[in-house]
Amino acid sequence: MSSSSSIIALQLLLFFIVVPIPSLAKKPHVIHFRSPNLYPEGLAYDPSAQHFIVGSLHHRTLHSVSEAGVIETLISDPSLPPNTTILGLAVDKLNNRLVAAIHSDPPLPPFNALAAYDLRSRQRLFLSLLPSTPSDENRRPVANAVTVDFKGNAYVTNSLGYPEGNFIWKVNPEGEASIFSRSPLFTQFPVDRDAPYSSCGLNGIAYVSKGYLLVVQSNTGKLFKVNAHDGTAQNVLLSEDLPVADGIAIRGDGVVLVVSHEKLWFLKSDDSWGEGVVYDKTDLDVEKFATSVVVGREDRAYVLYGSVIEGIMGNGGREWFGIEEVRSEKENEDEKMWVYVLIGLGLAYFLIWRFQMKQLVKNMDKKTN
């Protein structure tokens, strides 16, 4: 009896001391993939296929990237207008579709659309032109980021950061497009027109299962909560602004991830995003110019280093790009604390067991004598 108890106690102690928490046991996951002149801006993660999907500034193609960095052409769509750019991407998990925001820059004719592709057949389901109003003609709309809800509706941000821009399109599962939300709140906050990227307004967008969207705005650093039924919006009161915010993603535990080319912010809210707090932020490699963030396996955050500014400026020729896991240092510290707590519990259990064994031996000696 005492021998088996001793073995169990020792096994528990060894478990608490030796077994590490997974996120602490491994270095952050870094993926390098090679595709000459690709310059991807958008990133999505397909959980069923367990691979990433990227677009391209210059090619009418979508590519899968494995966790080992193997890149393959997933979809090639030569019917898209020449030299169009594939920006935001989202995987519609329920319908096994991929949706992509398509845009063209000058001197090409104006073009903004949402393309939907079946991930099984890899065939295009529809290409929906996104409507603009007469006031949009002075400055071009920019179909940028996209997300999908549980009904298969897609929401696309117009990133033109002027009063005639800053709205959200909606495309239903049949491909019918409309302007969904043009809230006056989107143009309420002042913009420094001398600041970099001041022409970029609404940008990253994510759907929350409770029935609303979270949308970041690059030139103000604001986060908006938008009702997914009627398009009404409210400003989320944050502990700090998110300057030049680009992509946004939501982890399974509700933590919101927002990326700029300089930082990845980690945000929490206790009231369904009436208010929120930035509880950590991690510096990124500015030269690689991160644009998108997604949640991959095991709820890990990944950013895309697509060097898009280099591609936009025409300094082509780059062959290698990256997808890298980014962690919160604060969360790592909290996990380390739990390791110490577990070790302490293991030691306490071991000491209690030893004390009980001593008492048992003493009692047996008394009975024997």
Side-chain angles (χ1 to χ4, degrees), residues 28 41-45 52 87-90 101 144-148 155-159 161 166 168 185-186 189 191 195-198 200-210 212-226 233-286 288-296 299-306 308 323-331:
E41 195 276 347
L43 176 70
Y45 182 75
F52 299 91
L87 294 175
L89 304 173
N144 195 337
V146 60
T147 190
V148 291
Y155 303 87
V156 185
T157 53
N158 175 8
S159 289
N166 276 313
I168 301 170
L185 199 62
F186 298 153
F189 297 95
V191 174
Y197 314 109
S198 63
C200 187
L202 295 181
N203 205 327
I205 185 169
Y207 177 75
V208 180
S209 59
K210 293 182 179 180
Y212 56 87
L213 307 160
L214 291 176
V215 190
V216 293
Q217 190 170 49
S218 298
N219 55 9
T220 64
K222 300 301 181 183
L223 175 68
F224 300 106
K225 177 181 177 180
V226 181
Q234 68 180 81
N235 176 43
V236 179
L237 300 176
L238 295 179
S239 56
E240 61 181 88
D241 286 338
L242 312 171
V244 201
D246 197 333
I248 184 171
I250 304 174
R251 287 195 328 206
D253 59 1
V255 168
V256 167
L257 310 165
V258 177
V259 70
S260 74
H261 65 286
E262 294 183 343
K263 295 182 185 296
L264 180 67
W265 291 278
F266 296 79
L267 289 73
K268 285 182 179 179
S269 175
D270 293 328
D271 64 353
S272 293
W273 297 102
E275 298 181 2
V277 61
V278 176
Y279 71 89
D280 202 5
K281 47 192 171 184
T282 301
D283 291 333
L284 303 178
D285 188 329
V286 177
K288 295 179 181 178
F289 211 91
T291 51
S292 298
V293 58
V294 297
V295 177
D299 238 13
R300 293 183 288 182
Y302 288 87
V303 300
L304 171 66
Y305 283 126
V308 291
I323 300 170
E324 298 189 13
E325 180 188 359
V326 180
R327 296 177 183 169
S328 161
E329 289 298 323
K330 189 177 188 314
E331 289 177 347

field: For Ser239, all residues meeting side-chain hydrogen bond (donor to acceptor under 3.5 Å, both in side chains), sequence neighbours excluded
entry: none

- prompt: Ignoring hydrogens and geometry, is there a side-chain-to-backbone donor-acceptor pair from Ser218 to Ala245 under 3.5 Å?
  reply: yes

field: Any residue meeting ring-ring contact (aromatic ring centres under 6.0 Å, His included) with Phe224, in chain and number order, not counting sequence neighbours
entry: Phe186

message: With salt bridge (Lys or Arg N to Asp or Glu O under 4.0 Å) as the rule and sequence neighbours excluded, what pairs involving residues 248-257 come up?
response: Arg251-Asp253, Arg251-Glu331

Salt bridge (Lys or Arg N to Asp or Glu O under 4.0 Å): pairs with one or both residues in residues 260-270, sequence neighbours excluded: Lys263-Asp283

- request: Quick one: list whatever passes ring-ring contact (aromatic ring centres under 6.0 Å, His included) with Tyr207, sequence neighbours left out.
  value: Phe150

message: Please check this pair: side chain of Ser292 against backbone of Leu304, looking for a donor-acceptor N/O pair closer than 3.5 Å.
response: no

- prompt: Are any non-hydrogen side-chain atoms of Thr291 and Leu87 less than 4.5 angstrom apart?
  reply: no

query: Are any non-hydrogen side-chain atoms of Val191 and Thr220 less than 4.5 angstrom apart?
result: yes

- request: With sequence neighbours left out, write down each residue that passes side chain to side chain contact (heavy atoms under 4.5 Å, CB included) with Pro196, or none if nothing qualifies.
  value: none

message: Taking side-chain hydrogen bond (donor to acceptor under 3.5 Å, both in side chains) as the definition, give me every residue that meets it alongside Asp241, ordered by chain and number, with sequence neighbours left out.
response: Lys222

message: A side-chain contact here means heavy atoms from C-beta on lying under 4.5 Å apart; do Phe189 and Asn235 qualify?
response: yes

Non-neighbouring partners of Tyr212 that pass ring-ring contact (aromatic ring centres under 6.0 Å, His included), sequence neighbours left out: none

message: So, using side chain to side chain contact (heavy atoms under 4.5 Å, CB included) as the criterion, who are the partners of Val148 when residues are at least two apart?
response: Asp92, Val99, Ala154

field: Partners passing side chain to side chain contact (heavy atoms under 4.5 Å, CB included) against Val326 (at least two apart in sequence or in another chain)
entry: Leu264, Thr282, Leu284, Val303

task: Would you please name every residue forming a side-chain hydrogen bond (donor to acceptor under 3.5 Å, both in side chains) with Asp280, sequence neighbours left out?
output: Ser328

- line: Residues passing the salt bridge (charged side-chain N to carboxylate O under 4.0 Å, His left out) test with Glu240, sequence neighbours excluded, are Lys281

task: Only one of Val156, Val215, Asn158 passes side chain to side chain contact (heavy atoms under 4.5 Å, CB included) with Leu202; say which it is.
output: Val215

- prompt: Does a side-chain heavy-atom distance below 4.5 Å link Leu214 with Lys225?
  reply: yes

message: Determine whether the aromatic ring centres of residues Tyr45 and Tyr302 are separated by less than 6.0 angstrom.
response: no

- request: Would you mind reporting whether Val256 and Ile248 have side-chain heavy atoms less than 4.5 Å apart?
  value: yes

- request: Report the relative orientation of the aromatic rings in Tyr197 and His261; use parallel for angles under 30°, tilted for 30 to 60°, perpendicular for over 60°.
  value: perpendicular

